[in-house]
Trainee: 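Please find one structure pasted underneath; my questions will follow.
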Amino acid sequence: MTDALTSTPSVALWPAPLAGSEPLDAFVPVPGSKSLTNRYLVLAALADGPSVVRGTLASRDSDLMIAALRQLGAIIEPGEHKGEYRVTPLTVGADVGEVHIDCGLAGTVMRFIPAVASLVVGRIVIDGDEGARVRPMLPIINGLRDLGVNVNDLSNGFLPFEIDARGEVPGGDITVDASGSSQFVSGLLLASSRFDQGVRLTHEGVSLPSLPHVDMTVKVLGEASVDVEQPSRTQWYVAPAPIRARDVDIEPDLSNATPFMAAALVAGGTVRIPAWPSQTTQPGALAPRIFERMGATTSLENGVLTISGTGAITGAGDLDLSAAGELAPTFAALAALAASPTTITGIAHHETDRLAALSAEINALGGQVTELEDGLQIEPAPLHGGVFHTYHDHRMATAGAIIGLRTPDVLVENIATTGKTLPGFDAMWQAMLDQHA
């Protein structure tokens, strides 16, 4: 449990707009995937030549990743088109001196950058926002130590910590407990082919959440000609190999699309999301089937995902989100407006304490939410207006917007926190609501 629930409104409150009486007929392009953006940027910075990355998400998380990679010696320059970057890789073994890397609140930066930083020479401090300093980092710290990296743990397993980088990582066999986040596995795998011996990584823990994100990491490595062997679902072997430079186009962020999709159920009508991939490792790909359980109809044709609803919402019943915990705020908000119960499980691993936050905020608006050990039980209840606190969590902010579509006078605290992964969300939200049949 963090101190997040002591949050009080300290910034402007955003009046969440109510849905109008006319059904929606909206076309909502969604920017590129945050998860893929930061993975492709890391691989481009470690590649064997220049790369071009197109369709990157413009967000605080991606800006922090770009800044960190630049500090480690990569040259990352805007291309000719919006969302395009030309990347000249860093030089393994180059002396970067003393570097202080700011991770903000970006889990992908704080978990992916340390292994990359170990490949240059310098004294590198990894730190972030105050809210990031309560997120566990010990599996990365211990993992790097076991691989032969000198890490000074300044904060007992949390940010900040310091890497005495020697320009090479011996590599070898390691065991980590990634029960707290799949990013611990991804963060070690992404750079592992540049280690002297590669890596044989075994996860040893109660569970491994968000496995699709690890599958995503394995897939992008394979695209860059790095083979990852998997003797089991909790073991990975990466041999030493170059990372192939390449030009890539990034898929839209499917998880960021889900609040707009939810609007079709709450407001009634149709929302269309273009460039939806027919095959993907993004956890957001699970969303259409869940929306169907809650009363939607969906179809995918010519790359456009169409979702329609009537305004009637059915509870999802028992909903296991262990493979896609990032979707929990969207479906918790939708469940709070449903006519029958929903029990969400498999999401206790998320470090920002979304379980407590979602329970507290929905209940403050009149909801009937019970916090479980690994999820939430949500019963139908009439909601009323009030302040919906966001705890610097972008998905909490979008959950408040969903509830505000049907509940008058919902005031979302710090809507700007959506800039973490989706800058301009409030304008996109209003633009969607302005589109009618």
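As the structure is a prediction and not an experimental result, all values here were calculated from the model. FYI, side chains are in, hydrogens and waters are out, and symmetry mates aren't considered; it's all heavy atoms of this structure.
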Trainee: To the nearest 0.5 angstrom, please state how far the CD1 atom of Ile402 sits from the OG1 atom of Thr258.
Mentor: 6.5 Å
Trainee: May I ask you to test the Val120-Asp95 pair for a side-chain heavy-atom distance under 4.5 Å?
Mentor: no
Trainee: Are any non-hydrogen side-chain atoms of Thr56 and Glu84 less than 4.5 angstrom apart?
Mentor: no
Trainee: Keeping Thr418 on the side-chain end and Pro423 on the backbone end, is there a donor-acceptor pair under 3.5 Å?
Mentor: no
Trainee: Taking the side chain as every heavy atom from C-beta outward, state whether Asp253 and Gln282 have any atom pair closer than 4.5 Å.
Mentor: yes
Trainee: With rounding to the nearest 0.5 Å, note down the distance linking CG in Leu72 to CD1 in Ile124.
Mentor: 5.5 Å
Trainee: Does the distance from a Lys or Arg side-chain N to an Asp or Glu carboxylate O, for Arg233 and Asp215, drop under 4.0 Å?
Mentor: yes
Trainee: Applying the side chain to side chain contact (heavy atoms under 4.5 Å, CB included) test to Ile174, which of Leu188, Asn142, Leu144 qualifies?
Mentor: Leu188
Trainee: How about Glu223: does its CD atom have over 12 heavy atoms from other parts shown lying under 6.0 Å from it?
Mentor: yes
Trainee: Kindly indicate, with the supporting measurements, whether the criterion side chain to side chain contact (heavy atoms under 4.5 Å, CB included) is fulfilled by Leu321 and Thr345.
Mentor: CA-CA 6 Å; Leu321 287 181; Thr345 56; over 6 Å; no
Trainee: Could you measure the distance from the CZ atom of Arg244 to the CG atom of Leu221? Nearest 0.5 Å is fine.
Mentor: 12.0 Å
Trainee: Show the numbers, then the answer: is there a side chain to side chain contact (heavy atoms under 4.5 Å, CB included) between Tyr237 and Val228?
Mentor: CA-CA 6 Å; Tyr237 170 58; Val228 182; over 6 Å; no
Trainee: Hey, are Arg60 and Asp129 close enough for a salt bridge, meaning a charged N less than 4.0 Å from a carboxylate O?
Mentor: yes
Trainee: Please give me the minimum heavy-atom distance between Val169 and Leu147, naming the atom from each residue.
Mentor: CG1-O, 3.7 Å
Trainee: So do the side chains of Val220 and Leu36 get within less than 4.5 Å of each other, counting heavy atoms only?
Mentor: yes
Trainee: So, the side chain of Ser232 versus the backbone of Thr234: is there a donor-acceptor pair under 3.5 Å, distance only?
Mentor: yes
Trainee: So, the side chain of Ser179 versus the backbone of Val206: is there a donor-acceptor pair under 3.5 Å, distance only?
Mentor: yes
Trainee: Is there a side-chain hydrogen bond (donor to acceptor under 3.5 Å, both in side chains) between Thr217 and Arg39 once you walk through the steps?
Mentor: CA-CA 7 Å; Thr217 298; Arg39 282 166 171 79; 2.9 Å; yes
Trainee: For the atom pair CZ (Phe161) and CD1 (Ile126), what is the distance rounded to the nearest 0.5 Å?
Mentor: 5.0 Å
Trainee: Would you tell me whether Thr417 and His392 have side-chain atoms, one donor and one acceptor, within less than 3.5 Å of each other?
Mentor: no
Trainee: Cut-off 3.5 Å, side chains only: do Ser255 and Glu326 have a donor facing an acceptor?
Mentor: yes
Trainee: Go through it in stages, so that I can follow the logic: the residues are His203 and Gln235, the test is side-chain hydrogen bond (donor to acceptor under 3.5 Å, both in side chains), and I'd like the CA-CA distance, side-chain angles, deciding distance and then a yes or no.
Mentor: CA-CA 6 Å; His203 158 68; Gln235 292 180 301; over 6 Å; no
Trainee: For Ser33, does its backbone N or O pair with a side-chain atom of Thr37 as donor and acceptor, under 3.5 Å?
Mentor: yes
Trainee: Taking only Lys NZ, Arg NE, NH1 and NH2, and the carboxylate oxygens of Asp or Glu, determine whether Arg354 and Asp393 approach each other closer than 4.0 Å.
Mentor: yes
Trainee: Under a 4.5 Å cut-off applied to non-hydrogen side-chain atoms, are Val53 and Arg86 in contact?
Mentor: no
Trainee: Passes side chain to side chain contact (heavy atoms under 4.5 Å, CB included), Met428 versus Val28? Steps please.
Mentor: CA-CA 8 Å; Met428 290 178 64; Val28 184; 4.1 Å; yes
Trainee: How far does OG of Ser359 sit from CD of Gln377, to the nearest 0.5 angstrom?
Mentor: 11.0 Å
Trainee: Cation-pi check, Arg133 to Phe158: give yes when NZ or CZ is under 6.0 Å from the six-membered ring centre and within 45° of the ring axis, no otherwise.
Mentor: no
Trainee: Hey, is the main chain of Val266 close enough, under 3.5 Å, to the side chain of Arg406 for a donor-acceptor pair?
Mentor: yes
Trainee: If only atom types and distance count, is the side chain of Thr390 paired as donor or acceptor with the main-chain N or O of Glu413 below 3.5 Å?
Mentor: yes
Trainee: Decide yes or no on side chain to side chain contact (heavy atoms under 4.5 Å, CB included) for Arg166 and Asp164, but give the supporting numbers first.
Mentor: CA-CA 6 Å; Arg166 306 292 174 84; Asp164 180 12; 2.8 Å; yes
Trainee: Between Arg54 and Asp247, does any side-chain N to carboxylate O distance fall below 4.0 Å?
Mentor: yes
Trainee: For Asp102 and Gly128, which heavy atoms make the closest approach, and how far apart are they?
Mentor: OD1-CA, 3.8 Å
Trainee: Any idea which heavy atoms bring Glu379 and Pro341 closest together, and the distance?
Mentor: OE1-CG, 3.3 Å
Trainee: Rounded to the nearest 0.5 Å, what separates atom OG1 in Thr398 from atom CZ in Phe260?
Mentor: 8.5 Å
Trainee: Given side chains that start at C-beta, do those of Val387 and Leu13 come closer than 4.5 Å, heavy atoms only?
Mentor: yes
Trainee: For the backbone of Leu189 and the side chain of Ser192, can you confirm whether one donor and one acceptor N or O come within less than 3.5 Å of each other?
Mentor: yes
Trainee: Check whether more than 12 heavy atoms from other residues, nucleotides or ligands sit under 6.0 Å from atom CG of Asp227, and answer yes or no.
Mentor: no
Trainee: Give the minimum heavy-atom separation between Ile347 and Ala328, together with the two atoms involved.
Mentor: CD1-CB, 3.7 Å
Trainee: Given side chains that start at C-beta, do those of Leu319 and Arg293 come closer than 4.5 Å, heavy atoms only?
Mentor: yes
Trainee: Backbone N or O of Gly346 within a donor-acceptor pair of the Asp374 side chain at under 3.5 Å?
Mentor: yes
Trainee: Please step through side-chain hydrogen bond (donor to acceptor under 3.5 Å, both in side chains) for the pair Tyr391 and Glu361, ending with a clear verdict.
Mentor: CA-CA 10 Å; Tyr391 314 99; Glu361 296 311 309; 2.2 Å; yes
Trainee: Donor-acceptor pair, Lys420 side chain versus Leu105 backbone, under 3.5 Å?
Mentor: yes
Trainee: Is there side-chain contact between Ser207 and Ser322, with heavy atoms separated by less than 4.5 Å?
Mentor: no
Trainee: Which atom pair, heavy atoms only, marks the closest approach of Ala397 to Val412?
Mentor: O-CG1, 3.9 Å
Trainee: At their closest point, which heavy atom of Pro231 faces which heavy atom of Glu229, and how far apart are they?
Mentor: CD-O, 3.6 Å
Trainee: Flag yes if more than 12 heavy atoms outside Glu373 fall under 6.0 Å of its CD atom; otherwise flag no.
Mentor: no
Trainee: Less than 6.0 angstrom separating the ring centers of Tyr40 and Tyr85, yes or no?
Mentor: no
Trainee: Check whether Asp196 reaches the backbone of Gly171 with its side chain - one donor and one acceptor, N or O, closer than 3.5 Å.
Mentor: no
Trainee: Does the side-chain hydrogen bond (donor to acceptor under 3.5 Å, both in side chains) test come out yes or no for Ser59 and Asp61, once each step is laid out?
Mentor: CA-CA 5 Å; Ser59 69; Asp61 279 20; 5.4 Å; no
